[in-house]
Amino acid sequence: LPCEQFAIFACVAGPAKTFTVDEAVEHIGFGRFHILLLCIMGSTSVAEAMEIMLLAVMSPAIRCEWRLEEWQVALVTTMVFFGFMVFSGIWGFFADRYGRWKILLLVTVWSSYYSLVTSFAHTYVWFIFLRSMVGCGVAGHSQGFVLMTEFIPSKYRGRILPLGQIFWLLGSTLEILLAYLIIPTLGWRWLVRISTFPSIVLLVVFKCIPESARFNVSVGNTQIATQTLQYIAKMNRVSLPRGSLVESAPYLTWIFFSLRTTLQSWFIWLGSAFSYYGLVLTSSELLENNPICNSLESAESLHIKSVEICHCKMFEAADYQTMIISTLGEFICESEHIFIVYCILKHQLLFPWIYVYPTTIRSLGLGSSSSMARIGAMTAPFIAQVLLPLSPVTSLCLFSAVCIVCSVLAFTLPIETKDREMQVRGT
């Protein structure tokens, strides 16, 4: 056509149709891809839960092998969470720059390698160092949650994301069962080696999940983002909206809400992790505690060395059963009242940061909150494993008080996330 006729034709046809990632995700809906995504990304929670629960089920064995005092056992957990704290923000920063998928693959390799090497540690110092390196790697597993969140339609997020905590339950329960079967026969070193198997499997199945379309749009790779959305639409047996993919408009309210929400979320993450991991370790400590240890006269009367009584009380079958019941208490919340708060504490960490922070800094926002949580987790062992034998009431009251403060902060959050779109960029 001549130029004049082409211009007239363009005017009649009107502006080209466009759509955003949010519109595409909502149009595609929930389908087979999202089920696969939930299973694979949820498996990262299985691997993370196994590494965390490993600290509880392994503590009697290492205490016995190296004749550790209470503060030395607590230091193991603290150093793991120290690595977690330092690297949470670092992995979040890199995920916002280079992509969630790449960082998730890297941290899975990292944590698997150092966890496997831990099983060959022959001194307490090397054991602490290697476990802290595991914590550095596990800190990046949260990018799987970010990746899953950015693919799920808004009307399903409130129902699907909490279901991801079932995988944490599976990981914790599996680790306790493995400890029950392996520690009495093969020892804690083989438990550590076998516990790395889920992470190795993840390395194989990660290729089924693409990079976040929201991330690709935020860095200008709209063509790759379109290909990703086409792949998801094909798996769900639907088609994309007509037109070309464009970046959505930023929220003007982001700066106003971000500071207050960030500060409140930091304290809620800190308090929730402090109480959650504190109660996890408390359950282990109560099972491991031997009343004779608190009475030197009883030990002398029985002519038993206190080091054997206090440092080598291994878990029995009934102890593992109690730990499984307490882990199930995170969800079924039955008669074990001390563990009812588990379900509340875990779900407080499913926070509105996914809506408050734009895609360009969403992983960094999660990383900073996770770092604050690790400060609480680093403190918890000294309450649950050092203060608890001296004053159980004080320890449990402290955990309860922190829970109450977190509840008040959560109630006064400044934004409502219902029907709120996930923004790509803030202003």
Can Glu150 and Arg157 be counted as an ion pair, charged N to O under 4.0 angstrom? no
Please give me the minimum heavy-atom distance between Ile200 and Ser112, naming the atom from each residue. N-OG, 4.3 Å
Can you establish whether the number of heavy atoms outside Phe197 located under 6.0 Å from its atom CZ is more than 12? no
Donor-acceptor contact below 3.5 Å, side chain Asn236 vs main chain Arg32: yes
Kindly indicate, with the supporting measurements, whether the criterion side-chain contact (heavy atoms from CB on, under 4.5 Å) is fulfilled by Ile40 and Met148. CA-CA 9 Å; Ile40 295 178; Met148 182 171 63; over 6 Å; no
Residue pair Glu51 / Ser111, side-chain donor-acceptor N/O under 3.5 Å: no
Taking atom types as modelled and ignoring hydrogens, do the side chains of Gln72 and Trp66 form a donor-acceptor contact shorter than 3.5 angstrom? no
Let me know which of Trp269, Phe267, Phe81, Phe399 forms a ring-ring contact (aromatic ring centres under 6.0 Å, His included) with Phe274. Phe399
For Leu55 and Val80, run side-chain contact (heavy atoms from CB on, under 4.5 Å): C-alpha distance rounded to whole Å, both residues' side-chain angles, the deciding distance at 0.1 Å, then the answer. CA-CA 9 Å; Leu55 299 173; Val80 172; 3.9 Å; yes
Would you say Trp168 and Val46 make side-chain contact, with heavy atoms under 4.5 Å? no
Any side-chain donor paired with an acceptor under 3.5 Å for Gln264 and Thr412? yes
Going by side chain to side chain contact (heavy atoms under 4.5 Å, CB included), name the residues that satisfy it together with Thr118, two or more places apart in sequence or in a different chain. Phe127, Leu130, Arg131, Val134, Val192
Value for CD1 (Ile160) from CZ (Phe151), rounded to nearest 0.5 Å, stands at 15.5 Å
Spacing of Met41 atom CE and His141 atom NE2 [to the nearest 0.5 Å]: 10.5 Å
Work out which heavy atom in Trp101 is nearest to a heavy atom in Pro210; give both atom names and the distance. CD1-O, 4.2 Å
Are the charged groups of Arg63 and Glu69 less than 4.0 angstrom apart, N to O? no
Is the Trp91 to Phe84 ring centre distance short of 6.0 Å? no
Minimum heavy-atom separation for Leu104 and Gly140, please, with both atom names. CD1-O, 4.0 Å
Would you check if Ser88 and Met372 make a side-chain contact, meaning some heavy-atom pair closer than 4.5 Å? no
So, does Trp110 use its side chain to make a donor-acceptor pair with the main chain of Met133 at under 3.5 Å? yes
In sequence, state the C-alpha distance, the side-chain angles, and the governing distance for Val107 and Gln143, and then conclude on side-chain contact (heavy atoms from CB on, under 4.5 Å). CA-CA 10 Å; Val107 299; Gln143 299 310 315; over 6 Å; no
Is there side-chain contact between Leu38 and Phe167, with heavy atoms separated by less than 4.5 Å? yes
Start with the C-alpha distance between Leu191 and Leu186, add both sets of side-chain angles, then the distance that settles side-chain contact (heavy atoms from CB on, under 4.5 Å), and finish with yes or no. CA-CA 8 Å; Leu191 174 64; Leu186 300 177; over 6 Å; no
Test the Arg100-Phe94 pair against the cation-pi criterion, namely NZ or CZ under 6.0 angstrom from the six-membered ring centroid and within 45° of the ring axis. no
Scanning both residues in full, the closest heavy-atom pair of Tyr156 with Ile152 reads CB-CG2, 3.9 Å
Specify the closest pair of heavy atoms between Val21 and Arg214, including all atoms of both residues, with the distance to one decimal. CG1-CG, 3.6 Å
Nearest heavy-atom approach of Ala56 to Ser59 is O-OG, 2.9 Å
Any chance you could measure Ser199, atom OG, to Tyr113, atom OH, to the nearest 0.5 Å? 15.5 Å
If I take atom OG1 from residue Thr196 and atom CG from residue Leu202, how far apart are they, to the nearest 0.5 angstrom? 11.5 Å
Check: Leu203 and Val109 side chains under 4.5 Å, non-hydrogen atoms: yes
Between the main-chain N or O of Ser119 and the side-chain N or O of Arg189, is there a donor-acceptor pair closer than 3.5 Å? yes
Would you find a donor on one side and an acceptor on the other, under 3.5 Å apart, between the side chain of Ser391 and the backbone of Leu387? no
Do Phe120 and Trp126 touch side chain to side chain, with heavy atoms closer than 4.5 Å? no
Can you see whether Glu26 engages Ser154 through a side-chain donor-acceptor pair at a distance of less than 3.5 angstrom? yes
Check: Leu36 and Met235 side chains under 4.5 Å, non-hydrogen atoms: yes
Do Phe129 and Tyr124 have side-chain heavy atoms sitting under 4.5 Å apart? no
With sequence neighbours excluded, tell me which residues meet salt bridge (charged side-chain N to carboxylate O under 4.0 Å, His left out) with Glu175. none
Side chains of Val217 and Leu245: closer than 4.5 Å at any heavy-atom pair? yes
Hey, could you give me the OG/CD1 distance between Ser172 and Ile52, rounded to the nearest 0.5 Å? 9.0 Å
One should read off an interatomic distance between Phe82 CZ and Ile128 CD1, to the nearest 0.5 angstrom, of 12.5 Å
